[in-house]
Amino acid sequence: MLRFDPHNVRPFLDDSAVDALWPRVEAAHNALLNKTGTGNDYLGWIDMVNDPNDALLEDVSALAAEIRANADVFLSIGIGGSYLGAKAVVQALTPYFGGSGPEILFAGHHMSGAYMRELLAYLEGKSVYVNVISKSGTTLEPALAFRFIRQWLEANFDDADQRIIVTTDPEKGALNELRKEHPYRKYIIPDDVGGRFSVLTPVGLLPIAVAGIDIHSLFYGAVAQAKALKVASRDNDALTYAALRYLLLEGQYDAEVFATFEPSLSGMGGWWQQLMGESEGKELKGLFPASVQYSTDLHSLGQYMQEGQRILIETFLMAEDDGGDLEVPSSAANLDGLDYLNGKTYTHINRKAYEGTAKAHTEGGVPNMTLWLDRINANAIGEAIYFFEHAVGVTGYLMGVNPFNQPGVEAYKKEMFSLLGKPA
Ligand code: PA5
């Protein structure tokens, strides 16, 4: 069960502001669930959790088991929504060191030639499976990476076509053209699910399952959260989160910082950044989303958080049980002066760092809220994914934008393709 704690917003916002906004919050929630708002042809991510496709989950799990049995490396090629969700969940739910099964690597999320050269060298002699993920099938970064990787696979494996899985549009795009010549296995990205809402489709599910994560539990965490958020009551935490973010944006605040004290959760910050930024940042509106990893970043950005321009709000993602119940050992001479921590756990110390930070930031003028997972497992991550997706849909509608398009990402592509001489 998730727990949302907004009490550090109270000093900055009167409850009456939320009361006054609430009829609009309910209307936005209803527009989302009844599909009457803008962008309503991109709400397949809600249908998916209302009507789970268990056969698909089983199919993905079976292919993942085959890959886990045969691969040293599983290479996921994709960018933006075709990459960030899988990366976030894999980072959250696999061990910091070691672990079993294939190594999960990513490519096609930038255009570094040095990275590609080193990747190709690293893959030498390894059993490699590749999942190329592109809804449009036309995005340059993954298409370019896939050309290099495909040629390397064909040069190194007789069964290269069996080692490639494409995740793409039902019919359109270059990956479907390639499949006319090569019998790659394929998963479909539903038409009505945008990239940043696609982590619970095969886009995210296959890489996540190959990493050994229970995708059934992940998916059903989202299913349970969707049920919990169905009713537009004042107990609906995603609506409270959406309302507070909107009211703060309407006030003096311009940016929202996503912060976690557990390094494994920092990938969730990357996923969250895209979800918030692409959904809200349009028509000169939106909170600028940024993510930080504490306590590391308290020693760098912490200065700005505490004393820079007062334009920041902050959302913490925390876990009640973070798996850090490691007690501080005593030391005979206490030369390091840490005896006051004897017997305390890392979890306790990290928790006090969070509490101290939340208090200091509140006092320093940064309204902050916390979403608590009960523990860092697949179910809780699934819950958090749906929580943020639902919330951003509602905030987008409150702001009066279409939260489900991303027209702005085309501008750089147009200029880049013109400079590269791409034929019309
Ligand atoms: O959210 C989005 O739609 C984008 O981030 C896309 O996922 C990203 O641009 C990749 O697009 P595609 O999957 O078509 O290659």
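Positions are given from 1 along the sequence. Every number for a ligand or one of its atoms is a count from 1 in the order of the listing.
- Using a non-hydrogen distance threshold of 4.0 Å, Q274 registers as a contact of ligand 1.
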- Query: Going through the distances and angles, do F258 and F316 end up as a ring pair (Phe, Tyr, Trp, His ring centres under 6.0 Å)?
  - Reply: CA-CA 6 Å; F258 177 101; F316 295 100; 9.4 Å; no
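- Atoms of ligand 1 found under 4.0 Å from any heavy atom of R196 (numbered from 1 in listed order, with element): 1 (O).
- A cation-pi contact, defined as under 6.0 Å to the ring centre and within 45° of the axis, is absent between K186 and Y184.
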- Query: So Y187 and D59, side-chain hydrogen bond (donor to acceptor under 3.5 Å, both in side chains) or not? Walk me through it.
  - Reply: CA-CA 10 Å; Y187 284 109; D59 190 84; 2.6 Å; yes
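- Within ligand 1, counting atoms from 1 as listed, the ones closer than 4.0 Å to a heavy atom of G81 are 4 (C), 5 (O), 6 (C), 7 (O).
- Remark: R196 fails to qualify as a cation-pi partner of W271 under the 6.0 Å distance and 45° angle criteria applied to the six-membered ring.
- The shortest N or O to N or O distance between G194 and ligand 1 is not under 3.5 Å.
- Numbered from 1 in the order shown, with element, the atoms of ligand 1 that lie under 4.0 Å from a heavy atom of G80 read 5 (O).
- For ligand 1, the atoms closer than 4.0 angstrom to any heavy atom of S136 are 12 (P), 14 (O), 15 (O).
- Note that R150 lies outside the cation-pi zone of F148, set by a 6.0 Å cut-off to the ring centre and a 45° limit from the axis.
- Here is the list of ligand 1 atoms found below 4.0 Å of a heavy atom in S134: 12 (P), 13 (O), 14 (O), 15 (O).
- Test I215, V60, L200 against I208 for side chain to side chain contact (heavy atoms under 4.5 Å, CB included) and you get one pass: I215.
- Using a 4.0 Å cut-off to heavy atoms of Q406, the atoms of ligand 1 that qualify are 3 (O).
- Taking the centre of each ring, F261 and Y294 come in below the 6.0 Å mark.
- Short contacts between ligand 1 and T139, defined as distances under 4.0 Å to a heavy atom of the residue, involve ligand atoms 11 (O), 12 (P), 14 (O), 15 (O).
- If you number the atoms of ligand 1 from 1 as listed, the ones under 4.0 Å from a heavy atom of I79 come out as 7 (O), 8 (C), 10 (C).
- Considering backbone and side-chain atoms alike, K413 places every N or O at 3.5 Å or more from each N or O of ligand 1.
- For the atom pair CD of E314 and OG1 of T362, the computed distance is 8.5 Å after rounding to the nearest 0.5 Å.
- In this structure, atom 2 (C) of ligand 1 lies nearest to the protein heavy atom E278 OE1, 3.4 Å.
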